[in-house]
Amino acid sequence: MRKPSSPEAGGAGTAGAPPTDAAPQETRKEATPLSTVVRVRSLLPSLPPAERRVAQRVIDDPEGVANSTITELAQTCGTSETTVIRFCRAIGFHGYPELRLTLATEAGRAQSATGGRVIGSDISPDDSLEQIVEKVTFADARAVEETAAQLDIKMLEQVVDAIVASDRVDVYGVGASAFVAKDFQQKLHRIGRVCYAWADAHIMLTSAAVLKPGDVAIGISHSGATVETIDALEVAKNRGATTVALTNFPKSPIAEVADLVLTTAARETTFRSGATASRLAQLTVVDCVFVGVAQRTYGTTRKALEATYEAVRGRTVRPDRRRR
């Protein structure tokens with residue numbers, strides 16, 4: 001099994017007009033503010049309990065950690081200085097001084113990007129609707145930006161290659177991820193690719209069981225721990241299909257059964273069950289994959305888009321039928 005090298009959108013609307021024009025992830029990446037927090041968040045579930053407490057502290061208060069000594073941080077997290085050092089090395093730093101300096105730099109960049117305002121993602125019961133709008137849009141925008149910044153372009157290219165060369169694509173996802181899977185099916189179907197999106201556990205398994213080498217199976221799971229999606233991806237892998245995982249956590253269980261792993265970088269608000277930022281982050285990656293496939297097959301893609309546009313062009317309300 002080929003393992004990954006490191007560690008749920010708006011669809012192409014059926015009434016939209018056709019177009020008129022034609023590195024593995026690095027350990028240290030500073031393309032956007034708080035990229036260290038993004039990396040720590042993605043590795044959080046895979047860390048030992050003591051290191052996880054340190055990681056959570058970094059996620060919750062990166063500026064506070066930057067202003068703390070190693071002894072202060074260890075005491076706050078109820079652990080030892082040795083554990084803090086192990087945590088630093090686990091996330092790619094040589095030691096605590098390097099982590100402090102990087103967090104301080106990134107916190108400064110984040111404040112500059114927001115005009116000095118501190119915008120958190122946690123929504124309290126006392127927040128006004130205006131504050132809710134600000135926090136939700138901030139979390140959504142950052143999820144898209146940070147997902148794009150950490151996306152492994154070489155891994156993305158391999159996924160695009162696999163889909164372009166495939167005869168069939170299966171996409172698995174349950175809950176909010178099912179909507180992302182359906183969006184991807186609609187996009188690929190509109191450009192003439194054979195693609196099925198499944199959300200029912202039994203149908204996922206039976207569909208995966210008839211895949212063959214050369215087919216592609218994609219499992220979408222924010223947590224990377226959704227049993228139904230993992231099981232379907234494993235069956236597909238055993239059938240010889242190329243397996244792809246789309247998850248927020250690169251060392252999660254779904255990565256173990258995937259040949260290729262694409263990651264998001266979503267920070268959720270208090271109401272995680274709404275799967276808001278994570279869904280947008282997944283849709284961002286799906287859009288990148290789709291456009292990559294469409295570009296590689298530009299001639300047939302353009303013809304398919306033109307044909308589908310013509311098929312639905314008359315299904316909009318004519319001006320003379322609108323109310324005055």
Side-chain angles (χ1 to χ4, degrees), residues 8-10 30-45 47 52-68 72-73 76-78 91 100 102-151 173-180 183 220-226 246-249 252 263-287:
E8 210 165 251
E30 299 177 355
T32 59
L34 297 180
S35 59
T36 297
V37 175
V38 172
R39 183 164 68 255
V40 172
R41 192 187 305 117
S42 72
L43 297 175
L44 183 65
L47 295 172
R52 197 178 305 156
R53 293 198 297 273
V54 180
Q56 192 61 59
R57 182 64 179 172
V58 171
I59 294 170
D60 293 340
D61 187 15
E63 189 172 0
V65 173
N67 293 322
S68 300
E72 292 170 338
L73 179 60
T76 300
C77 298
I91 63 171
R100 287 184 65 186
T102 303
L103 288 176
T105 301
E106 294 176 347
R109 290 176 183 171
Q111 287 198 4
S112 297
T114 58
R117 294 175 301 136
V118 178
I119 304 174
S121 61
D122 284 337
I123 297 173
S124 71
D126 299 325
D127 281 344
S128 66
L129 194 55
E130 183 179 9
Q131 289 173 313
I132 290 172
V133 170
E134 185 177 41
K135 289 182 178 182
V136 169
T137 55
F138 175 78
D140 288 353
R142 290 303 300 275
V144 172
E145 292 170 358
E146 292 173 345
T147 292
Q150 60 81 56
L151 193 58
V174 300
S177 293
F179 296 105
V180 180
D183 177 80
I220 303 175
S221 171
H222 173 77
S223 68
T226 306
L246 174 55
T247 180
N248 206 69
F249 303 100
S252 57
T263 55
T264 56
R267 61 177 79 197
E268 285 294 354
T269 64
T270 307
F271 301 97
R272 169 65 187 93
S273 61
T276 54
S278 62
R279 185 190 69 250
L280 292 176
Q282 290 171 349
L283 288 168
T284 297
V285 177
V286 162
D287 284 350

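In this structure, Val286 and Leu246 have side chains that are in contact, with non-hydrogen atoms separated by less than 4.5 Å. Residues Val38 and Arg41 have side chains in contact (heavy-atom distance under 4.5 Å, counting atoms from C-beta outward).
Taken from CD in Glu63 to OG in Ser68, the straight-line distance is 10.5 Å, to the nearest 0.5 Å. Atoms CG and CG, on Asp287 and Asp183 in that order, are 6.5 Å from each other to the nearest 0.5 Å.
The shortest non-hydrogen separation linking Val40 to Ile59 is CG1-CG1, 3.9 Å. Contact detail for His222 and Ala266: the closest heavy-atom pair is CE1-CB, 4.1 Å. Shortest non-hydrogen contact noted between Arg142 and Glu146 is NH2-OE2, 2.5 Å. Of all non-hydrogen atoms in Phe249 and Ser42, the two that sit nearest each other are CD2-O, 3.1 Å. Taking each heavy atom of Val285 and Thr263 in turn, the nearest pair found is CG2-O, 4.2 Å. Here the closest non-hydrogen pair linking Lys135 and Asp127 is NZ-OD2, 2.9 Å.
In this structure a side-chain-to-backbone donor-acceptor pair under 3.5 Å is missing from Gln56 to Arg53. Using modelled atom types, one side-chain atom of Arg39 and one backbone atom of Ile91 make a donor-acceptor pair closer than 3.5 Å. A distance-only check finds a donor-acceptor pair linking the side chain of Glu106 to the backbone of Thr36 [under 3.5 Å]. Side chain of Arg279 to main chain of Val180: no donor-acceptor pair is present (N/O by atom type, distance under 3.5 Å, no hydrogens or angles). A donor-acceptor pair under 3.5 Å links the side-chain atoms of Thr247 to the main chain of Ser221, judged by distance alone. At least one donor-acceptor pair closer than 3.5 Å links the side chain of Thr147 to the backbone N or O of Ala265.
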Thr264 vs Thr284, side chain to side chain contact (heavy atoms under 4.5 Å, CB included): CA-CA, chis, key distance, verdict: CA-CA 9 Å; Thr264 56; Thr284 297; over 6 Å; no

